[in-house]
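What follows is a short report on a single structure.
Residue numbers count from 1 along this sequence. Order of listing sets the numbers, starting from 1, for every ligand and every atom in it.
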Amino acid sequence: MRYLSTRAASSDAASSKSFCDILLGGLAPDGGLYLPESYPQVTRAELDAWRGLSYADLAFAVLSKFIDDIPADDLKALVKRTYTAETYAYVRGGGDAAEITPLRWLEPGLGILELSNGPTLAFKDMAMQLLGALFEYVLAKRGEEINILGATSGDTGSAAEYAMRGKKGVRVFMLSPAGRMSDFQRAQMYSLQDENIHNIAVRGTFDDAQDIVKAVSNDAGFKAKYRIGAVNSINWARVVAQIVYYFKGYFAATQSNDEKVAFAVPSGNFGNICAGHIARQMGLPIARLVLATNENDVLDEFFHSGAYRPRSAADTHATSSPSMDISKASNFERFVYDLVGRDPAVVRKLWAEVDAGRGFDLAATDYFARIPGFGFVSGSSTHANRLATIRDTFEQYGVVVDPHTADGLKVAAEFREAGVPMIVLETAQPAKFEATIFEAFGRLPERPRALVGIEQLPQRVETLDVDVQAVKDFVARHVEA
Ligand SMILES: *Cc1c(COP(=O)(O)O)cnc(C)c1O
């Protein structure tokens with residue numbers, strides 16, 4: 001299996017890479033994103049054989065189609081260590097942790113696929129935990145180390161820290177805006193005592209923190225000397241790990257492989273739903289992929305009008321489903337590459353516009369007419385929709401959903417079809433967003449017992465000014481020591 005950039009100058013084998021080659025990197029050198037040169041296909045016989053597999057065995061079967069440069073026994077052992085009931089222990093309502101991603105039916109034909117039973121209560125654990133195991137494995141093989149530098153407003157940073165804690169060859173330096181996360185989010189990250197995890201609170205905003213990360217990464221000398229890496233959502237291994245639960249959800253919702261299902265996906269950077277798109281391209285019987293946005297509706301606008309108009313940071317709304325507050329969807333280029341017939345010249349032209357701060361409009365092209373063939377539909381939500389959905393879901397089914405999953409449920413309702421189960425992907429547990437749940441119906445969500453009182457644990461964090469040099473000095477001190 002070889003990987004090519006969506007902007008590759010030519011599709012010759014010379015520029016292609018193996019899975020382990022692209023694992024530790026981010027963007028391709030030409031600014032594009034990596035994709036397999038073609039999507040592996042799943043036969044009917046394979047689907048029949050996969051139906052009864054455990055999550056870990058299914059993950060091994062799916063990942064084996066994309067990874068051919070890790071010996072099968074090693075990959076299998078690594079996957080088995082990653083997807084355990086102990087790691088995905090925070091099931092609710094009598095769910096079975098051994099399922100890893102249990103499907104909870106709300107009513108016939110409408111289910112929630114629980115993806116947030118991992119250590120940080122958000123679906124990002126599903127991929128990040130695998131990434132941690134893969135990083136450790138590949139770095140050990142190569143005798144290398146990596147220092148992951150990132151900025152977080154909450155979910156991604158904590159998922160990365162819990163995935164990388166205690167991993168040999170990996171250090172994490174995670175910047176967060178001082179005083180701007182919830183007490184719970186702060187406690188989750190700062191209470192980690194692992195020596196390879198470094199929390200840096202910056203006296204500024206999330207954007208300030210992100211700017212520092214960019215400035216450090218743009219210093220090529222520093223980056224090389226201190227082996228700086230990232231784990232952002234364009235990382236191919238994160239996308240591929242997410243493909244697995246579309247298969248798992250499909251098998252859980254159906255009796256036979258003659259049936260079809262629809263998935264509704266709360267979306268921000270288009271990473272989660274991109275994995276669904278790839279599962280469908282592989283031959284998983286997905287009737288529809290329902291993309292749900294919040295008030296930041298740049299993707300919903302595209303699927304309705306054909307115009308992709310990324311907003312500026314200043315025009316991005318701060319909403320009550322904050323993990324979907326994006327103005328530019330970093331994985332969207334992967335889908336558009338497929339939409340334009342995998343022609344890198346077209347992608348280069350379109351993203352020259354995006355990178356210049358404009359956008360593009362496909363309405364008048366026949367590319368736009370191809371969208372239904374890819375199964376995509378979309379919708380968006382407001383704060384009022386979100387609160388009403390949280391309230392109604394509790395009243396009708398006795399189930400409390402988080403604000404992001406509520407966005408998925410709201411849009412899912414607009415696209416239900418008789419005979420096609422609708423599976424809404426749950427992207428976080430309500431315990432992570434107490435204030436919005438309280439606003440919706442005057443009660444606090446239940447918190448997993450193991451996390452009660454986490455705010456009282458001792459915290460380990462260094463607070464720094466918004467100062468690139470101070471962050472560089474901090475990294476240098478801890479890498480050389
Ligand atoms: C990251 C995140 C999303 C958005 O997922 P994308 O892969 O960026 O589309 C939605 N909900 C929650 C809770 C998240 O953490």
Problem set entry | NZ/NE/NH1/NH2 to OD/OE distance under 4.0 Å, D407 and K410 | no
Problem set entry | Side-chain heavy-atom pair T120, Q188 within 4.5 angstrom cut-off | yes
For this session: Can you label the angle between the Y3 ring and the W236 ring as parallel, tilted or perpendicular, going by 30° and 60°?
Result: tilted
Distances only, to 0.1 Å: what are the N or O pairs between ligand 1 and the protein that fall under 3.5 Å?
from	atom 1	to	atom 2	distance (Å)
ligand 1	7 (O)	G271	N	3.2
ligand 1	7 (O)	N272	N	2.9
ligand 1	8 (O)	N269	N	2.7
ligand 1	9 (O)	G268	N	2.7
ligand 1	9 (O)	N269	N	3.2
ligand 1	9 (O)	F270	N	3.1
ligand 1	11 (N)	T427	OG1	3.0
ligand 1	15 (O)	K124	NZ	2.5
ligand 1	15 (O)	D155	OD2	2.8

For this session: Salt-bridge test for E99 and R104: reply yes if a basic N is under 4.0 Å from a carboxylate O, no otherwise.
Result: no
For this session: Please indicate whether F441 has more than 12 foreign heavy atoms, meaning atoms of other residues, nucleotides or ligands, lying under 6.0 Å from its CZ.
Result: yes
Problem set entry | Listed partners of Y55 passing ring pair (Phe, Tyr, Trp, His ring centres under 6.0 Å), at least two apart | Y83
